[in-house]
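On a predicted model such as this, the values are computed, not experimentally measured, just so you know.
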Amino acid sequence: MAENTTNYQCPACTGPLRFDSASGKLCCDYCGSTYDVAQVEALYGEKQARADKAAEAAEKAASSGPVWGEMETGDLSSRTCTSCGAELVCGPETAATTCPYCGNPTVLGGQLSGKLKPEYIIPFRMDKKTAIENLKKYYKGKAFLPKAFKESNHIEEIQGVYVPFWLYDGRMEARGAYKAEISESHRDGDYIVTTTRHFDVARVGDADFVRVPVDGSSKMPDAHMDAIEPFDYSDLKPFSTAYLPGFLADRYDEDDKKCAARVLTRMKNSTAAALHDTLGGYTGVQTLSEQIDPRTLEPHYALLPVWMLHTRWKEQDFLFAMNGQTGKLIGDLPVDKGRVAAWFAGISIPLMILTALIMLL
């Protein structure tokens, strides 16, 4: 039976390979060997292609006669680890994972092939150690953060995830009509004289956009993904599964058509801002009409690096997301109400004493 997963193993000692963000190579932690991405592609390209075909065939076979009931499996799929033979039960969007039994990084066949294959990938530039240090720095100086949260929020469980993104190139056409005025005042004896000149203003132009990112995963909060931008596109590379070992990866579950509304809103807002920037020099501007329309919109599918940490504190969920290149971080933090009350008490009591002394004097 054809294998539908690929384990990237060291050719020297068969230990698991992982992509090292610092060196940009695949490394073996057992014997210390390192390999260029091109070398690993040559070794495992054909094997990954066979895994993709096997996964597609298995999916067709499963659709014709599932063994489990729909309520039991939901959208889960079963794969086999080629290193230890363990069964890997994965969600529908999982593309790369780690075997919980032998620890081998595993790339799932069929999840990133055919129409699901990304055009580009930005490899991780920041390793796990640096990501943890950045998260600890983020905690510092947060006076109202519960001490127990810092100590028990499983910071070591932070995970590197290749998140699916749509990168859009586009052109927006803009036109606007405005009434503007310039008012000037000067003193004439006992009077202030104001002169106002009125203008009919028209603006017409195009705005070009390149690689505007929108995440294609319904699991990722849009606000978090927007907040960790921008990504450095100089690191953008043609997609290869050789960058995945050692990280998790998801494929998109929201296609480019569904995500188009979000990117068009961003483009329109940016175009409107650029249009308004051309109206400087007037003391007042009134918009009569404004129209901004898309002329072209071309999506490109890419996987971008994000460090993620999900934790629970007193029945509440807290999610941290960090740009895997720049370290830019966004996250929600709980507040220790006791510390807040103590802080206000520490301010209010001295103020009350001071006020009482002033009144006595």
Side-chain angles (χ1 to χ4, degrees), residues 19 21 24 37 41 52 92-96 107 110-126 159-174 206-244 247-274 292-308 319 321-330:
F19 181 77
S21 55
V37 168
E41 281 181 325
D52 291 338
E93 288 82 43
T94 303
V107 178
Q111 295 293 72
L112 297 173
S113 63
K115 293 181 179 180
L116 298 173
K117 183 179 180 180
E119 294 178 60
Y120 304 106
I121 188 170
I122 293 181
F124 274 85
R125 185 187 294 172
M126 180 180 299
Q159 293 181 317
V161 183
Y162 280 110
V163 177
F165 272 81
W166 294 104
L167 308 180
Y168 292 88
D169 299 336
R171 168 171 288 189
M172 307 295 287
E173 185 180 89
D206 295 328
D208 292 317
F209 296 87
V210 179
R211 295 172 182 164
V212 180
V214 175
D215 70 278
S217 172
S218 61
K219 295 182 293 185
M220 298 295 174
D222 295 338
H224 282 64
M225 295 299 100
D226 292 346
I228 63 173
E229 294 177 21
F231 287 89
D232 180 2
Y233 291 135
S234 65
D235 283 346
L236 204 64
K237 301 183 183 300
F239 175 75
S240 170
T241 55
Y243 293 106
L244 303 184
F247 300 97
L248 303 179
D250 283 348
R251 63 173 175 82
Y252 69 84
D253 62 354
E254 295 181 331
D255 62 21
D256 61 290
K257 294 180 177 60
K258 186 171 183 179
C259 294
R262 281 184 61 209
V263 77
L264 286 174
T265 298
R266 295 183 67 175
M267 289 182 177
K268 285 182 178 180
N269 290 340
S270 296
T271 303
I292 301 173
D293 299 309
R295 285 293 170 256
T296 61
L297 191 66
E298 183 180 358
H300 301 278
Y301 180 29
L303 297 184
L304 305 186
V306 181
W307 285 101
M308 305 287 298
L319 179 66
M322 186 187 305
N323 188 310
Q325 284 182 304
T326 66
K328 189 176 181 181
L329 173 64
I330 184 69

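Under the side chain to side chain donor-acceptor pair (under 3.5 Å) criterion, the residue pairs touching residues 297-306 are Glu119-His300, Asp169-His300, with sequence neighbours excluded. Residue pairs meeting the ring pair (Phe, Tyr, Trp, His ring centres under 6.0 Å) criterion with at least one partner in residues 223-244, sequence neighbours excluded, are Phe19-Tyr243, Phe165-Phe231.
Asn269 pairs by the side chain to side chain donor-acceptor pair (under 3.5 Å) definition with nothing, not counting sequence neighbours. The salt bridge (charged side-chain N to carboxylate O under 4.0 Å, His left out) search around Asp208 returns Arg171, not counting sequence neighbours. Scored by the side chain to side chain donor-acceptor pair (under 3.5 Å) test, Ser21 finds no partners at all (sequence neighbours excluded). Residues that satisfy the side chain to side chain contact (heavy atoms under 4.5 Å, CB included) test with Ala242, not counting sequence neighbours, are Leu26, Val37, Val40, Glu41, Ser240. Take Ile292 and apply the side chain to side chain contact (heavy atoms under 4.5 Å, CB included) test, not counting sequence neighbours, and it matches Met172, Ala174, Lys268, Thr271, Ala272. Remark: Asp255 pairs with no residue by the salt bridge (charged side-chain N to carboxylate O under 4.0 Å, His left out) rule, at least two apart or across chains. Taking the side chain to side chain donor-acceptor pair (under 3.5 Å) definition, one finds that Lys219 meets it with Asp250, sequence neighbours left out. The salt bridge (charged side-chain N to carboxylate O under 4.0 Å, His left out) check on Asp253 picks up nothing, with sequence neighbours excluded. Not counting sequence neighbours, the partners of Thr241 by the side chain to side chain donor-acceptor pair (under 3.5 Å) test are Tyr8. Under the salt bridge (charged side-chain N to carboxylate O under 4.0 Å, His left out) criterion, Glu229 pairs with Arg266, not counting sequence neighbours.
Remark: the Ser217 side chain and the Asp215 side chain contain no N/O donor-acceptor pair separated by less than 3.5 Å.
When all heavy atoms are compared, the tightest approach of Ile121 to Pro238 is CG2-O, 4.0 Å.
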Please report the C-alpha distance between Leu264 and Leu297 in whole Å, then the side-chain angles of each, then the deciding distance to 0.1 Å, and finally whether the side-chain contact (heavy atoms from CB on, under 4.5 Å) criterion is met.
-> CA-CA 9 Å; Leu264 286 174; Leu297 191 66; 4.0 Å; yes
